[in-house]
Amino acid sequence: MGVERFRRGSGATERSVERTFGHLRKLDTSGPTAPQTPLTLEDLYRQHRMRMVRLAILLVDDISTAEDVVQEAFTGLHRNWSGLRDAAAAVGYLRTAVVNGSRSVLRRRKTAREYVPPHSPNARSAESLAMLTAEHQTVVRALAQLPPRQREVLVLRYYGNLSEAEIAEATGISKGTVKSTASRALDALQAILRQGQG
């Protein structure tokens with residue numbers, strides 16, 4: 001898949017995001033090589049579960065919630081298994097289900113915050129951040145401060161390595177909105193990172 005830029009002449013912030021999510025993608029693919037075309041739900045689970053969990057962690061910032069979101073996505077996939085064309089469609093279904101499940105979690109959190117103090121945004125699993133350098137940890141913490149849609153677009157682009165069209169499909173927004181959201185997200189991320197340095 002060709003790497004498309006959300007904007008010309010990308011800056012240091014975009015390079016930091018690319019390095020961070022590139023590192024996380026390498027962690028996901030460093031295990032044993034799986035068959036190219038998964039044929040069963042069990043194959044898909046074995047090959048894609050951890051990547052989907054990491055995607056959900058980046059969206060909801062909590063490993064146990066991320067695991068619940070992914071489990072629900074696989075449960076939905078099982079219910080709809082007979083209606084899917086192929087393994088690629090199944091992976092797309094999972095990705096969309098994880099994004100939608102993460103959105104639901106974030107909506108419930110927002111409602112709950114009206115009644116209880118907010119959870120610490122750094123309540124991420126120690127294991128998921130332990131393997132990251134200080135620069136990568138800084139980017140991931142800054143990412144957690146973005147609005148949910150901006151976070152989704154950056155995570156799907158730079159961690160999921162998806163095209164604008166694939167992001168639009170997974171999030172239910174137009175390609176133009178994907179592009180403008182990514183641009184705003186990178187600007188906001190740059191401001192957060194700059195503020196953290198000051």
Side-chain angles (χ1 to χ4, degrees), residues 1 17-81 84 87-110 112 119-133 136-146 148-162 166-167 169-172 185:
M1 174 186 316
V17 170
E18 286 176 333
R19 280 194 304 270
T20 297
F21 290 135
H23 177 74
L24 288 171
R25 275 196 312 275
K26 283 182 193 169
L27 291 175
D28 285 340
T29 57
S30 62
T33 308
Q36 289 291 25
T37 353
L39 301 174
T40 68
L41 184 59
E42 184 180 342
D43 291 334
L44 282 164
Y45 186 83
R46 198 171 28 258
Q47 292 176 32
H48 294 280
R49 180 185 170 277
M50 286 313 298
R51 185 174 183 122
M52 293 296 166
V53 167
R54 200 178 309 271
L55 171 64
I57 288 171
L58 291 168
L59 296 174
V60 301
D61 204 34
D62 170 48
I63 192 166
S64 61
T65 303
E67 288 174 341
D68 290 344
V69 165
V70 171
Q71 192 61 41
E72 280 298 314
F74 273 100
T75 299
L77 179 62
H78 180 265
R79 280 193 301 268
N80 295 294
W81 184 251
L84 295 170
V91 173
Y93 176 96
L94 282 172
R95 193 170 30 242
T96 300
V98 168
V99 169
N100 289 335
S102 298
R103 285 178 178 169
S104 294
V105 164
L106 295 174
R107 275 193 300 271
R108 285 192 303 270
R109 279 186 191 164
K110 185 176 179 184
H119 77 289
S120 164
N122 295 325
R124 176 182 315 281
S125 95
E127 178 186 333
S128 68
L129 278 182
M131 292 185 271
L132 299 179
T133 65
H136 295 326
Q137 289 180 26
T138 301
V139 169
V140 172
R141 280 193 297 270
L143 185 75
Q145 296 177 50
L146 294 177
R149 178 171 286 175
Q150 289 182 7
R151 187 193 310 195
E152 286 173 8
V153 168
L154 290 187
V155 167
L156 290 171
R157 173 62 192 103
Y158 294 103
Y159 174 70
N161 208 24
L162 302 182
E166 290 169 321
I167 295 168
E169 183 181 337
T171 58

Between S104 (side chain only) and N100 (backbone N and O only), is there a donor and an acceptor less than 3.5 Å apart? yes
Of all heavy-atom pairs between A90 and L77, which one has the smallest distance, and what is that distance? CB-CD1, 4.0 Å
Per the side chain to side chain contact (heavy atoms under 4.5 Å, CB included) rule, which among V139, L146, L58 passes with L154? L146
V98 to A56 - nearest heavy-atom pair and separation: CG1-CB, 3.8 Å
What's the spacing between Q150 CD and Q145 CD if we round to 0.5 Å? 12.0 Å
Is there side-chain contact between D62 and I57, with at least one heavy-atom pair below 4.5 Å? no
Please assess Y158 against R19 for the test side chain to side chain contact (heavy atoms under 4.5 Å, CB included), listing each intermediate value before the final yes or no. CA-CA 9 Å; Y158 294 103; R19 280 194 304 270; over 6 Å; no
Can you measure from CH2 (W81) to OG1 (T40) and round to the nearest 0.5 angstrom? 6.5 Å
In Å and rounded to the nearest 0.5 Å, what is the CD to CG distance from E18 to N161? 9.5 Å
Would you please test V70 and L94 for side chain to side chain contact (heavy atoms under 4.5 Å, CB included) and show each step? CA-CA 8 Å; V70 171; L94 282 172; over 6 Å; no
Could you tell me if the side chain of M52 sits less than 4.5 Å from the side chain of V91, heavy atoms only? yes
Nearest-0.5 Å distance, CD of residue E72 to OG of residue S102: 12.0 Å
Under 3.5 Å, is there a donor-acceptor pair between the side chain of Y93 and the main chain of N80? no
Should the pair R79 and F74 be classed as cation-pi, given the thresholds of under 6.0 Å to the six-membered ring centre and 45° from the axis? no
Any donor-acceptor pair under 3.5 Å from R157 side chain to I167 backbone: no
Report the C-alpha distance between L59 and V69 in whole Å, list the side-chain angles of each, state the deciding distance to 0.1 Å, and finish with yes or no for side chain to side chain contact (heavy atoms under 4.5 Å, CB included). CA-CA 11 Å; L59 296 174; V69 165; over 6 Å; no
Distance, nearest 0.5 Å, that separates CG of L143 from OG1 of T20: 9.0 Å
With a sphere of 6.0 Å drawn around CD of E169, does it hold more than 12 non-hydrogen atoms of other residues, nucleotides or ligands? no
Is the closest basic N to carboxylate O distance between R95 and E166 below 4.0 Å? no
Nearest-0.5 Å distance that lies between atom CG in L106 and atom CZ in R151: 6.5 Å
